[in-house]
J.: 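Pasting in a structure now, in structure tokens, and then I'll have a few things to ask.
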2 protein chains.
Amino acid sequence: MTFETEFTAPNMQQHPPGTSIRVLVVDDHPPMRVGLVALIRSQPGMDVVAEASDGERAIELYDELRPDIVLMDLRMPGIGGVEAIQVIRKKHPDARIIVLSTYDLDEDIHRAMQSGARSYLLKDMSIEEIASTIRGVFAGGAVLPPSVADRLNERAEREQLTERERDVLESLIKGRSNKEIASSLCISEDTVKSHLKTLFSKLHVRDRTGAAVEAIRHGIVHIK
Amino acid sequence: MTFETEFTAPNMQQHPPGTSIRVLVVDDHPPMRVGLVALIRSQPGMDVVAEASDGERAIELYDELRPDIVLMDLRMPGIGGVEAIQVIRKKHPDARIIVLSTYDLDEDIHRAMQSGARSYLLKDMSIEEIASTIRGVFAGGAVLPPSVADRLNERAEREQLTERERDVLESLIKGRSNKEIASSLCISEDTVKSHLKTLFSKLHVRDRTGAAVEAIRHGIVHIK
DNA sequence: GTGCCTCTCACCCGTTCGGGGGAAAATCGC
DNA sequence: GCGATTTTCCCCCGAACGGGTGAGAGGCAC
């Protein structure tokens, strides 16, 4: 699986005169919402039709308004961005959703893209990049800025964890010993150690502490 | 050390007609800067005199413009917010700086306040809270919204780590064994174990993995 | 079927880790 | 100077951990 890098130039798509790209903005930070709305309204041929501060409201507003583009933050209270994307795309497979995240947590990028997001932007990008990505996605493509495509591919090249390995990892981060992980997952301690061995080699670490740090660093497991 | 909660009502301070509260906005995320600027400009008696996207530029601009208020993000590339606050306050002890952070990482709150920030805001706060805090700090007080004061006090009640303990903790998070930590800090392995014992009890964990997770969770040590 | 992967479990063995003590310097505030 | 804190080091010891190796059961693909 490789992500393409067809980054579009600004204004590549001329929309019909009189109509605008209708955007739904979803972010839990009020000043960020103000910024995104101002940014979009300042662009010719673009308008904000609604704002939401969580995933649940975003789903409602999508159903109601059918915007052309959704600009979706990932980490939000309640229903997060990834889940909201899944719900929206299930009902509306043609929904065009662009993920906008603070972190370059590769695991979240991956989950969002697999859930059907068309593009992924980081908040440290310029307003030009953001605007041109909206135009590009509206024009129909899965538009990714080069830097993001690189990160996605880097993530894709990383070794995948199995479901069970993830379970062990989560349990480990809760501070449990091998014995406790075993009983919480209803398997033997030897099996836990077996999973840990493959886990260490996949994450390129040599002990549980390294595994915990690496998992948190890459957003494989969320704490907080 | 206890932080007071004298949260001010909006518009508590009437500034002289004709003059405005001159604000410097510092944040590395372009859309967030747009939002903060729009938010401030929309408030009567407030204006943005400049924007910066990193600590270094913020320091330059403060020297040049002497704004009434600095709205400062903490996590930025290059010189971070805490260091920028320290530099500015050293030259200008009367500088009024408000920290604006995405995370409620208690350790960063604490460092920023100890470096001389007058108040601390989180990005999930409303534009009303942000505006009224700017007015309050301009009026002269150290204004903290109640929720933030709570978090600060919670942090203050937590047990303090000594410098050496912090060194050991950082080294631990780099994935080092006790022996490696010892040689990297030029002390004996027994000393490392001794520090770890007190570290575990202060952080209320029982092993190095728990210590690593807890340190990252509370922002005591930054990864990434 | 044959292969591949995942999940499960087992045994051995050396190392590391963490808890329990104790204690001597150095630093700092009062 | 005196007490508190910090930093340094030491000992003992059992439990936990991690590496090596092997292997059976189940699922899926070709």
Side-chain angles (χ1 to χ4, degrees), chain A residues 1 107 110-111 114 155-217 220-221, chain B residues 1 107 110-111 114 155-217 220-221:
Chain A
M1 178 177 181
E107 200 61 25
H110 199 247
R111 280 198 275 256
Q114 283 198 322
R155 160 64 184 73
E157 280 161 21
R158 216 160 58 210
E159 290 187 83
Q160 300 288 331
L161 302 186
T162 68
E163 198 184 331
R164 216 50 175 157
E165 284 158 6
R166 213 175 294 268
D167 292 338
V168 172
L169 192 52
E170 276 175 32
S171 215
L172 184 158
I173 286 178
K174 287 181 181 146
R176 299 189 177 132
S177 68
N178 289 351
K179 197 172 294 190
E180 288 169 335
I181 295 172
S183 70
S184 82
L185 298 179
C186 297
I187 53 179
S188 85
E189 198 182 333
D190 279 315
T191 305
V192 173
K193 293 172 86 170
S194 172
H195 285 308
L196 283 177
K197 279 173 217 172
T198 59
L199 215 34
F200 294 162
S201 82
K202 282 186 180 180
L203 295 175
H204 307 296
V205 296
R206 56 183 175 190
D207 55 31
R208 53 177 60 237
T209 305
V213 173
E214 207 62 8
I216 296 168
R217 191 199 309 276
I220 298 170
V221 177
Chain B
M1 177 177 182
E107 201 59 26
H110 199 247
R111 279 198 276 257
Q114 283 198 323
R155 161 64 184 72
E157 280 161 21
R158 219 161 53 210
E159 288 186 86
Q160 300 287 333
L161 302 186
T162 68
E163 197 183 330
R164 216 51 176 156
E165 283 158 8
R166 212 175 296 269
D167 292 338
V168 172
L169 191 52
E170 276 176 33
S171 214
L172 185 158
I173 286 178
K174 286 180 183 148
R176 298 187 178 133
S177 68
N178 289 351
K179 197 172 294 189
E180 289 168 334
I181 295 172
S183 70
S184 80
L185 297 179
C186 297
I187 54 180
S188 86
E189 196 181 336
D190 279 315
T191 305
V192 173
K193 292 171 86 171
S194 172
H195 286 307
L196 283 177
K197 280 175 214 174
T198 60
L199 215 35
F200 294 162
S201 82
K202 283 187 180 179
L203 296 175
H204 308 295
V205 296
R206 55 182 177 192
D207 55 31
R208 52 178 59 238
T209 305
V213 173
E214 207 62 8
I216 296 168
R217 192 200 307 277
I220 298 170
V221 178

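The basis for the numbers below is simple: all heavy atoms, side chains too, and nothing from hydrogens, waters or symmetry mates. Labels below follow one simple rule: chain letters A, B, ... track the order of the sequence lines, proteins then strands, and each chain is numbered from 1. Computed from a prediction, not measured in an experiment: that's the story for all the values here.
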J.: Please find the pair of heavy atoms, one from V213(B) and one from A212(A), that lie closest to each other, and give the distance.
T.: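 That closest heavy-atom pairing would be CG2-CB, 4.1 Å.
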J.: Closer than 4.0 angstrom, basic N to acidic O: yes or no for E214(B) and R217(B)?
T.: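 Answer for the salt bridge query: yes.
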J.: Please enumerate all protein N or O atoms sitting under 3.5 Å from an N or O of nucleotides 25-30 of chain D, with distances to 0.1 Å.
T.:
none

J.: What is the separation between atom CD1 on I181(B) and atom C1' on dC17(C), rounded to the nearest whole Å?
T.: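 Result: 11 Å.
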J.: What pairs of nitrogen or oxygen atoms, one from the protein and one from nucleotides 24-26 of chain C, lie under 3.5 Å apart?
T.:
none

J.: Check whether any side-chain heavy atom of V221(A) lies under 4.5 Å from a side-chain heavy atom of L172(A), and answer yes or no.
T.: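 No, too far: nothing below the 4.5 Å cut-off.
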J.: Run the side-chain contact (heavy atoms from CB on, under 4.5 Å) test on K202(A) and T162(A) for me, step by step, so that the C-alpha distance in whole Å, both residues' side-chain angles and the decisive distance to 0.1 Å come before the verdict.
T.: CA-CA 11 Å; K202(A) 282 186 180 180; T162(A) 68; 4.0 Å; yes
J.: What pair of heavy atoms forms the shortest contact from N178(B) to L196(B), and how long is it?
T.: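 Heavy atoms only, the tightest pair is OD1-CD1, 3.3 Å.
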J.: Axis-to-axis angle across the helix from dG1(C)-dC30(D) to dC30(C)-dG1(D), five pairs an end, to 10 degrees?
T.: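 Between the axes fitted at each end of the helix from dG1(C)-dC30(D) to dC30(C)-dG1(D) lies an angle of 60°.
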J.: If you restrict it to nitrogen or oxygen atoms, what contacts under 3.5 Å exist between nucleotides 6-8 of chain D and the protein, and what is each distance?
T.:
from: dT7(D); atom 1: OP1; to: R164(B); atom 2: N; distance (Å): 3.4
from: dT7(D); atom 1: OP2; to: T162(B); atom 2: OG1; distance (Å): 2.4
from: dT8(D); atom 1: OP1; to: R164(B); atom 2: NE; distance (Å): 3.0
from: dT8(D); atom 1: OP1; to: R164(B); atom 2: NH2; distance (Å): 3.1
from: dT8(D); atom 1: OP2; to: R164(B); atom 2: NE; distance (Å): 2.9
from: dT8(D); atom 1: OP2; to: H195(B); atom 2: NE2; distance (Å): 3.1
from: dT8(D); atom 1: O4; to: S194(B); atom 2: OG; distance (Å): 3.4

J.: Return the value, rounded to whole Å, for the distance between atom CG of D190(B) and atom C1' of dG19(C).
T.: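 Rounded to whole Å, this separation is 13 Å.
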J.: Would you mind reporting whether L185(A) and V168(A) have side-chain heavy atoms less than 4.5 Å apart?
T.: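 Yes, close enough: below the 4.5 Å cut-off.
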J.: With 3.5 Å as the limit, what N/O pairs link the protein to nucleotides 13-20 of chain D?
T.:
from: dC17(D); atom 1: OP2; to: N178(A); atom 2: N; distance (Å): 3.2
from: dG18(D); atom 1: OP1; to: R208(A); atom 2: N; distance (Å): 3.0
from: dG18(D); atom 1: OP2; to: R208(A); atom 2: NE; distance (Å): 3.4
from: dG18(D); atom 1: N7; to: K193(A); atom 2: NZ; distance (Å): 3.4
from: dG18(D); atom 1: O6; to: K193(A); atom 2: NZ; distance (Å): 2.9
from: dG20(D); atom 1: O6; to: K197(A); atom 2: NZ; distance (Å): 2.7

J.: Show, in sequence, the C-alpha distance, side-chain angles and deciding distance for L203(B) and I220(B), and conclude whether the side-chain contact (heavy atoms from CB on, under 4.5 Å) test is met.
T.: CA-CA 11 Å; L203(B) 296 175; I220(B) 298 170; 4.1 Å; yes
J.: Strictly distance-based, threshold 3.5 Å: is any side-chain N or O of R208(A) a donor or acceptor partner for the main-chain N or O of R208(B)?
T.: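 Absent.
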J.: Would you find more than 12 non-hydrogen atoms of other residues, nucleotides or ligands less than 6.0 Å from E163(A) atom CD?
T.: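 Check fails, neighbour count at 12 or below.
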J.: Going by heavy atoms in the side chains, are R164(A) and I187(A) under 4.5 Å from each other?
T.: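 They are in contact (side-chain heavy atoms under 4.5 Å apart), so the answer is yes.
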J.: Which heavy atom of S171(B) sits nearest a heavy atom of S184(B), and at what distance?
T.: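 Looks like OG-OG, 3.4 Å.
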J.: Within this structure, what is the CD1-CD distance for the pair I181(A) and E170(A), rounded to the nearest 0.5 Å?
T.: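 Here the rounded value is 11.0 Å.
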J.: Check this for me: does any side-chain nitrogen of one of D190(B) and K193(B) sit under 4.0 Å from a carboxylate oxygen of the other?
T.: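 A salt bridge is absent here (no side-chain N lies under 4.0 Å from a carboxylate O).
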J.: Would you compute the distance between atom OG1 of T209(B) and atom CG of D207(A) and round it to the nearest 0.5 angstrom?
T.: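 So the gap between those two atoms works out to 7.0 Å.
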J.: Could you list the residues that satisfy salt bridge (charged side-chain N to carboxylate O under 4.0 Å, His left out) with E189(A), not counting sequence neighbours?
T.: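 Result, salt bridge (charged side-chain N to carboxylate O under 4.0 Å, His left out) vs E189(A): none returned.
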